[in-house]
Structure formats: C-alpha cells, structure tokens
Amino acid sequence: MNAPADTVDTALLGGWQRDFPLVPEPFAAIGAALGIGADTVLARLARLSERGAISRVGATLRPNVAGASTLAAVAAPEWQIEQVAAAIGAEPGVNHSYLRENDWNLWFVATGPDRPYVDATLARIGAATGLTVLDLPLVRPYHIDLGFALDGSAHGPGASAPADGSALRPGDPELLQALTGGLALVPRPFAALAGALGRSETEIIGRIRTLREAGVIARLGVIVRHRALGWRSNAMVVWQVPEADVDRAGATLAAQRGVTLCYRRRPDARHWPYNLYCMIHARGRDEALGRLGPAAEAAGLTALPHQVLFSVRCFKQTGAMVLDRNRATA
C-alpha cells in the first residue's frame with residue numbers, strides 16, 4: 001500500500017495520530033468529526049491494519065519515564081545479517097530493528113521495565129552474536145512523539161516539554177503496556193481494556209488523560225507504518241556537536257521542516273562519537289537530502305562531522321516494553 005485509498009483514509013491516517021478522543025466511544029467521536037459512522041471508522045481502521053498501513057491504534061511513550069530504553073547497534077558481516085537480525089528480534093524488549101547503510105548496520109531500540117533489564121538484553125545479544133554492541137542512551141529528547149505528516153509539509157514542533165514521571169501510580173505500567181500494544185478495534189475500547197485489567201472504564205480514561213497531560217504518554221492515536229505508505233527513503237542523521245552547543249542545535253533542528261525525530265544521545269568514546277540525532281522521512285533519497293540540507297544549515301550543523309544512515313529494511317516494529325510479565329508473575 002503506497003497511498004491512502006481515499007480522502008477518508010487520509011483523514012484517519014493523518015488527522016488522528018494524536019489527540020485520540022478520551023471518551024467511552026472514541027470511534028464514534030472520530031466518525032462524527034469525519035461525517036461517517038463508528039462502524040465505518042472501525043472497518044476502515046481494520047482494513048488499514050490488515051494492509052500494513054498502520055501498526056495499531058495506541059500509545060507511544062516518552063522514553064525512560066515509565067521503563068527504560070536505549071538505542072543500540074552492531075556491525076554485522078553482510079553474510080550474517082539475517083542471522084544477527086533474527087537474534088536481535090527474538091528479544092522481547094527490542095521494539096524497533098532496522099538495517100541501515102553503515103558499517104554499524106543493524107540498529108535497534110532495546111526497552112524494558114528498568115535499566116538492568118535493558119543491560120541484560122544487550123548482553124544476551126552480544127553473547128549470541130559475538131559482536132560488539134553499541135549502547136547509546138538517550139540524554140535529552142527534543143522532538144520524539146513519533147507523529148508523521150503524510151504530506152511531509154509539517155514543521156517540527158520544537159523542543160518537547162519534559163515529562164512528569166511523578167504522575168505515575170501503581171497499576172500504570174500494566175495500563176501503559178496495554179496501550180503500547182494497541183486498543184481493541186471495538187466501539188468501546190476503553191471498556192474492553194478496563195475489563196482486561198479489572199478496573200472501571202471511567203478510571204482507565206482518567207488515568208490515560210492524566211498520563212497524557214503529564215507527557216508520560218507522548219502520543220495516543222493511529223500509529224502509521226510510513227514505509228508501507230510510500231515513505232521509504234528514511235535517514236537517521238548523526239552529528240558530532242560540541243557539548244556546549246548541542247542543546248541549542250538540537251532545539252533548532254527539532255523545529256525544522258521534515259525532521260520527524262530529534263534527540264541527544266551519549267556517544268561511545270571508542271566507536272561512535274556522535275551525540276545529536278534526527279530522523280528524516282521522505283519518498284525518495286533526493287527528497288530526504290533536500291530536506292536535510294536546509295535543516296542542518298538552520299541549526300548551524302553543516303560544518304560539523306556527521307553521517308547519513310539511510311534505512312534499508314525494517315525487521316521489527318512494535319510497542320515498547322514497560323512490564324516484564326515473566327518477572328511480574330514469578
């Protein structure tokens with residue numbers, strides 16, 4: 001699937017990636033806004049999911065607020081890529097895994113309920129593959145809600161406000177884990193979720209609202225698969241920025257047109273000196289590079305050491321792990 005089937009699909013995919021209605025019948029509310037019935041909304045979302053245009057209707061979370069995460073990479077020999085990617089993807093805490101154009105070619109995000117869980121995941125991957133694993137923890141997010149403008153016209157929102165982790169309460173990890181997995185495509189999804197968690201619909205909606213307002217939930221809505229929609233020339237761009245200037249540059253970069261993610265990470269002194277990252281999603285390589293140039297210039301980055309890592313293949317894309325169910329039931 002390279003494009004939405006019609007204007008209604010476009011509206012569903014583009015207009016409801018965030019601000020999902022926190023009401024008992026959210027799909028009816030979406031339908032009312034679009035002039036269609038709830039049954040039609042649900043049928044279209046189910047079809048878009050079957051075709052791979054969306055991964056779920058659910059939440060993305062602010063990293064390292066509820067749970068822990070890190071960006072990691074290995075340099076897999078070409079003949080071993082499939083085997084190494086399979087070992088990485090087999091880890092339940094790995095929620096994103098991509099092949100990129102670089103000697104460090106397999107990149108993944110490792111998540112878990114806490115940092116020791118993430119460390120153990122990285123250690124198992126290193127042991128299973130025999131490869132050095134880069135561990136590049138997040139230092140500061142500038143724009144990381146993972147929303148995606150289908151026409152590529154949107155400017156970034158600028159630096160995000162920090163999340164308030166003090167809003168978390170007992171029972172929230174179970175709720176957040178369910179939301180990252182996706183809401184059921186039924187008329188009253190919050191009631192279905194409440195039933196699964198042994199809680200009330202009113203309580204569930206209230207907790208989601210609180211967690212979204214606190215920034216723990218970065219975004220609640222339709223999670224699109226951009227590659228399936230034709231946006232296949234996607235580049236992770238990394239810069240080596242002087243420490244005194246990285247926050248200024250990151251905040252400026254986050255606000256540029258075409259920048260879909262932007263964050264600061266801790267470099268690896270031996271293997272990977274880069275500390276500022278952004279993602280640019282485009283329909284073609286020239287389009288991606290055409291967006292990168294002005295964005296880098298606006299942020300004062302053009303003269304600094306950098307690399308452009310285009311994505312070649314997606315091996316895994318799921319919600320983050322917040323709760324280790326094996327640990328919880330042990």
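This chain uses plain numbering: 1 for the first residue, then up along the sequence. No hydrogens, no waters, no symmetry mates; every other heavy atom, side chains included, goes into these values.
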Item checked: ILVMFWY network linking Leu48 to Leu34, side-chain heavy atoms under 4.5 angstrom -> yes

Margin query: What verdict does the side chain to side chain contact (heavy atoms under 4.5 Å, CB included) test give for Leu138 and Thr70, after you've listed the backbone C-alpha separation in whole Å, the side-chain angles of each residue and the deciding distance to 0.1 Å?
Written below: CA-CA 6 Å; Leu138 182 73; Thr70 194; over 6 Å; no

Notebook entry, point to check: Are the side chain of Thr180 and the backbone N or O of Ala320 linked by a donor-acceptor pair below 3.5 Å?
Noted result: yes

Item checked: Basic-acidic side-chain contact under 4.0 Å: Asp245, Arg248 -> yes

Next item on the list: Of all the heavy-atom pairs spanning Pro26 and Phe190, show the shortest one and how long it is.
Entry: CG-CE1, 3.9 Å

Margin query: Parallel, tilted or perpendicular, judged at 30° and 60°: which one describes the rings of Tyr263 and Tyr277?
Written below: parallel

Note to self: Ignoring hydrogens, what is the shortest heavy-atom contact between Leu323 and Pro173? Give both atom names and the distance.
What the structure shows: CD1-CB, 4.2 Å

Notebook entry, point to check: Of the non-hydrogen atoms in Ala163 and Gly215, which two are nearest, and what is the gap between them?
Noted result: CB-O, 3.5 Å

Next item on the list: Quick one: do Asn275 and Glu243 satisfy side chain to side chain donor-acceptor pair (under 3.5 Å)? Show the steps, please.
Entry: CA-CA 8 Å; Asn275 56 358; Glu243 288 296 310; 2.9 Å; yes

Notebook entry, point to check: Do Val186 and Val23 belong to the same hydrophobic cluster, where Ile, Leu, Val, Met, Phe, Trp and Tyr are linked whenever their side-chain heavy atoms lie under 4.5 Å apart, directly or via other members?
Noted result: no

Note to self: Looking at Tyr142, I'd like to know if the NZ or CZ of Arg140 sits under 6.0 Å from its six-membered ring centre while staying within 45 degrees of the ring's axis.
What the structure shows: no

Check: Do Gln307 and Asn102 meet the criterion of a side-chain donor-acceptor pair at a distance under 3.5 Å?
Finding: yes

Checklist line | Check against salt bridge (charged side-chain N to carboxylate O under 4.0 Å, His left out), Asp135 and Arg115 | finding: CA-CA 12 Å; Asp135 177 11; Arg115 183 64 211 202; 2.4 Å; yes

Next item on the list: Side-chain contact test, heavy atoms from C-beta onward, threshold under 4.5 Å: evaluate it for Phe20 versus Ile208 and give yes or no.
Entry: no

Notebook entry, point to check: Any donor and acceptor pair, going by atom type alone, linking the side chain of Thr302 with main-chain N or O of Glu297 inside 3.5 Å?
Noted result: no

Next item on the list: Kindly work out whether a path of hydrophobic side-chain contacts (I/L/V/M/F/W/Y, heavy atoms less than 4.5 Å apart) joins Val139 to Leu253.
Entry: no

Checklist line | Main-chain N/O of Val222 paired to Arg219 side chain as donor or acceptor, under 3.5 Å | finding: yes

Notebook entry, point to check: Donor-acceptor pair, Asp268 side chain versus His271 backbone, under 3.5 Å?
Noted result: yes

Margin query: Just to verify, which of Ile125, Thr111, Val109, Thr318 counts as forming a side chain to side chain contact (heavy atoms under 4.5 Å, CB included) with Val94?
Written below: Ile125

Notebook entry, point to check: Can any side-chain N or O of Arg199 pair as donor or acceptor with the backbone N or O of Gly171 at less than 3.5 Å?
Noted result: yes

Next item on the list: Measure across Ile217 and Leu179 and return the closest heavy-atom pair with its distance rounded to 0.1 Å.
Entry: CD1-CD1, 3.9 Å

Item checked: Side-chain donor or acceptor of Gln177 paired with backbone N/O of Val322 under 3.5 Å -> yes

Note to self: Less than 4.0 angstrom from a charged side-chain N to a carboxylate O is my criterion; do Glu203 and Arg207 meet it?
What the structure shows: no

Item checked: ILVMFWY network linking Val259 to Leu292, side-chain heavy atoms under 4.5 angstrom -> yes

Check: Does Asn105 reach the main-chain N or O of Arg100 with its side chain, forming a donor-acceptor pair under 3.5 Å?
Finding: no

Check: Same hydrophobic cluster for Ile223 and Val216, using side-chain heavy-atom links shorter than 4.5 Å among ILVMFWY?
Finding: no

Notebook entry, point to check: Within 45 degrees of the axis of the six-membered ring of Tyr274 and under 6.0 Å from its centre: does Arg265 put its NZ or CZ there?
Noted result: no

Check: Taking the side chain from Thr129 and the backbone from Leu131, do they hold a donor-acceptor pair closer than 3.5 Å?
Finding: yes

Margin query: For Thr252, is there any backbone N or O sitting under 3.5 Å from a side-chain donor or acceptor partner on Gln256?
Written below: yes

Next item on the list: Indicate yes or no: does Arg124 engage Asp119 in a salt bridge with an N to O separation below 4.0 Å.
Entry: no

Next item on the list: Indicate yes or no: does Lys316 engage Glu91 in a salt bridge with an N to O separation below 4.0 Å.
Entry: no

Next item on the list: Indicate the atoms forming the closest heavy-atom contact of Leu134 with Trp272, along with that distance.
Entry: CD1-CB, 3.9 Å

Margin query: I'd like to know if the side chain of Arg264 reaches the main chain of Pro141, judged simply by a donor and an acceptor atom lying under 3.5 Å from each other, with no hydrogens or angles considered.
Written below: no

Check: Stepwise, does the side chain to side chain contact (heavy atoms under 4.5 Å, CB included) test hold for Gln17 with Val224?
Finding: CA-CA 8 Å; Gln17 293 183 35; Val224 303; 4.0 Å; yes

